[in-house]
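To start, the structure itself, in structure tokens.
FYI, side chains are in, hydrogens and waters are out, and symmetry mates aren't considered; it's all heavy atoms of this structure. Quick caveat: nothing in here was measured; it's all calculated off a predicted structure.
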Amino acid sequence: MNKYFSFALGVASIGLVACQQAPTQKCCNDKMSDADIEARIDTILPQLSIEEKAAMCHAQSKFSTPGVARLGIPELWWSDGPHGVRAEINWNDWGYASWNNDSCTAFPALSALAATFNPDLAYIYGVALGEESRYRKKNVILGPGVNIYRTPLNGRNFEYMGEDPFLASTLVVPYIHGVQSTGTATSVKHYALNNQEEDRMGVNVQVSERALRELYLPAFKAAIVDGKAWTIMGSYNRYNNQHCCHNEILLMDILKKEWGFDGVVVSDWGGAHDTKEAARFGLDVEMGSFTNGLDAQMGNFGWDDYNLARPYINAIKKGELPESDLNDKARRILRLNFRTNNNWGPGRMTCEAHMKTAHDIAREAVTLLKNEGNILPLDPAKQMKIVVIGENATRTLVKAGGSSELKPKYEIAPLDGIKKQFPNADIQYATGYTSGPAFYGFAPAPKEDQKKLKAEAVELAKSADVVIYVGGLNKNYQQDCEGGDRQSYELPFGQDALIDAIAEVNKNIVVVLASGNAYSMPWLDKVNAVVQSWYLGSEAGNVIAEVLDGTINPSGKLPFSFPVKLADSAPHSFNDPMVYPGVDHQQIYKEDILVGYRWHDTKGIKPLFPFGFGLSYTTFDVKDIKVSNSANEIKVAANIANTGAVCGAEVLQVYVGKVDSKVSRAQKELKGFLKIMVDKGNSAAINISVPVESLKFFNEETHSWELEKGKYMVYVGTSSADILETVEIEL
């Protein structure tokens, strides 16, 4: 059990989807045990020269590290993830190798997985991704990402699991178990405090130890202590004036000593900066040094000139650095090698089972935010004119975004899905706007006449029975993309004005928006329905269409809050560049422990849509809520009835807050949840247990976790704002 955090366990009478770890696969009898692996390392390590040990500590190509051929130790192969296996990259530059057999299944982005609130799906996701990685002979998949959603401008929020450390921790563990059950290692990233892309290589994050421990580290700790992740990736930014890829506090004191991590720390590509710090402060494998993202290597620089290569060897031989640190690195790398080259199965690629997994995750991710007049679901048998407007209806949303871009075997566009799902409708399409091609590092202006596209769309909308607007962000640079944060909280490319113009000529509007971030909705009162579709991967178009016609009853919940305006978000409320994005590479987290709904609730700032929110096509009645507690746990029991016309899933959420705390606290924090499927006319019993241990706060004076005695409030609801019952208890 985690020192300061544990999973809330749920038990329901039917349709169980509980917050608990899924079992990992059993190892075959011919696999080496942990003891066998350590014994083999003990035999091999003395046979290695300093040069051979150091060679294993750095790249030999863009995505591989050397083995030791004379001893039969194979190379290690790494691949970008975390929602698909990236296409093959050239050996010595960032160009694609143009293979014809490296297409993958594009799974939903991790922000979409977080919206499912379903740990069982996280495990299934991991297994499928691990199998695809294994088939492609990858030892390590670079993911999952669990950095906390601090600002809605962060370009990589779509890769992460939301704003709440409990939610992220609950989902990351089964994901890791699933991937590693196939023999592929996960590389949990980006450790730590990588909460923006702006100045990501230089910014030094100043954050209280309490906020670090309570918000930004729990998901990483769960990944290591409970998930048993085999590798972890350092982040580009700095903490305590040291780069996080060789950071004494984060890597040595916390990760390796306190948490007992026995795996490999790998740098983010280009994240290592100093030989002595890398040697002494926790880095095991150095990748991508002296590259700047997508450029070829500089000058005559070679792999042997990495910080952990020839300079490291020379420093050891001169007596400037101890060989014992190198031995520890070599032991960890050998351990990873034997763990991932251990008679695992061959894996499988882009098979029907993986396509179904992608579909199943996507169907539980889609989040219904508004459905005025129950305009949704639309009747697929009805003869009507449907006008689809928006570039995202036809644009690929998996082939951009930075290092997580994918080469999918197929990707169903929303327009194609709608045409398939509504065979009796007259479906017409207008682009409405364009965003320009996707490039990494800069955003080219679109060449099309935007006024003309807008006018054509509005004219077409006049005669529609219903308008389906498909837009949002698109993983272009500065639009949910690595390397640059968003420049505005509004929808880009004139979409807000376009939706306003459509609303002036047609009152039946369904808005479907893809993103991994929140955005403003100044037009919200003018449209009938809003569907947050996330980045759903290969099956996106099918799932969106099946939600629109009711084949799928949406059950997604927001894994982060939607502020009304950017200034309502914690770091932006200060209107201080030192808080975001930083000044002269220095940044202060003035909001401290109050991020996301913690900020909204505690400061009394009403969000546009709260954390944990999501509508359904059916209705639920939660009653008989009972809260009890002992010295070790808080128990919440309830009965949930489906009072509507279709089967559906609801997520019961348990939050806890301390009354009259001696330290500043959020009003309440998520401590347990359970997603349950209930058929129409049926009901189910729900039981959720919250360990008292999880209520501890981090005492900065004693540098330890402390449980306050006294009164606590237990909040039971269906979102952070939709609280059905509040009960005071005494601990």
Aromatic centroids of [Y] and [X] separated by under 6.0 Å:
X    : Y    : value
F673 : F117 : yes
W705 : F698 : yes
Y655 : Y597 : yes
W269 : Y236 : no
Y589 : Y216 : yes

Check: [X]/[Y] side-chain N/O donor and acceptor closer than 3.5 Å:
X    : Y    : answer
E75  : T65  : no
D480 : N517 : yes
T340 : N139 : yes
D199 : H585 : yes
R280 : T275 : no
T231 : S187 : yes
Q667 : T602 : no
S324 : N327 : no
E52  : Q47  : no

Got a donor-acceptor contact below 3.5 angstrom from the [X] side chain to the [Y] backbone?
X    : Y    : answer
D284 : K329 : no
D304 : A309 : no
S64  : W77  : no
Q586 : G582 : no
R238 : G202 : yes
N194 : H190 : no
D36  : S33  : yes
K658 : R665 : no
K662 : E708 : no
N237 : H243 : no

Grab the two heavy atoms, one from [X] and one from [Y], that are nearest each other, plus how far apart they are.
X    : Y    : result
I148 : E163 : CG2-O, 3.5 Å
G282 : V265 : O-CB, 3.3 Å
S111 : G516 : OG-CA, 3.9 Å
A229 : Q180 : CA-OE1, 3.5 Å
P119 : T170 : CG-CG2, 3.8 Å
N204 : N240 : OD1-N, 3.5 Å

Does the pair F338 and I44 meet the rule for a side chain to side chain contact (heavy atoms under 4.5 Å, CB included), with working shown? CA-CA 12 Å; F338 294 139; I44 291 173; 3.5 Å; yes
Using side-chain heavy atoms (C-beta onward) and a distance below 4.5 Å, is [X] in contact with [Y]?
X    : Y    : value
I50  : E323 : yes
L45  : K53  : yes
D325 : D328 : no
W599 : D592 : no
K276 : E320 : yes
R156 : Q196 : no
E633 : V690 : no
E482 : S404 : no

Going from [atom1] on [X] to [atom2] on [Y], what distance comes out if it is rounded to the nearest 0.5 angstrom?
X    : Y    : atom1 : atom2 : result
M287 : C57  : CE    : SG    : 12.0 Å
D601 : S561 : CG    : OG    : 7.5 Å
S267 : H273 : OG    : NE2   : 8.5 Å
Q242 : N247 : CD    : CG    : 5.0 Å
L308 : L326 : CG    : CG    : 9.0 Å
L334 : I41  : CG    : CD1   : 5.5 Å

Show your reasoning for whether side chain to side chain contact (heavy atoms under 4.5 Å, CB included) applies to L283 and E286. CA-CA 7 Å; L283 183 63; E286 177 185 5; 4.2 Å; yes
Check step by step if side chain to side chain contact (heavy atoms under 4.5 Å, CB included) holds for M161 and L167. CA-CA 8 Å; M161 296 189 185; L167 175 64; 5.9 Å; no
Step-by-step salt bridge (Lys or Arg N to Asp or Glu O under 4.0 Å) determination, E669 to K671: CA-CA 6 Å; E669 299 176 338; K671 295 298 179 182; 3.4 Å; yes
With a cut-off of under 6.0 Å to the ring centre and 45° to the axis, is K31 in cation-pi contact with W344?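 Geometry flag: set, cation within 6.0 Å and 45°.
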Within 45° of the axis and under 6.0 Å from the centre of the six-membered ring of F261, does NZ or CZ of K256 qualify?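 The answer is no, since K256 fails at least one limit relative to F261.
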Basic-acidic side-chain contact under 4.0 Å: K590, D576: yes
If you apply the rule side chain to side chain donor-acceptor pair (under 3.5 Å), what do you find for S704 with R213, and how did you get there? CA-CA 10 Å; S704 62; R213 294 284 193 159; over 6 Å; no
Output, in order, the C-alpha distance, side-chain angles, deciding distance and verdict of side chain to side chain contact (heavy atoms under 4.5 Å, CB included) for D34 and E38. CA-CA 6 Å; D34 290 344; E38 296 307 313; 5.6 Å; no
For Y123 and Y175: C-alpha separation, side-chain torsions, deciding distance, then whether ring pair (Phe, Tyr, Trp, His ring centres under 6.0 Å) applies. CA-CA 5 Å; Y123 178 76; Y175 176 105; over 10 Å; no
Considering residues, nucleotides and ligands other than D660, do more than 12 of their heavy atoms fall under 6.0 Å from its CG?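 It does not: D660 CG has 12 such atoms or fewer within range.
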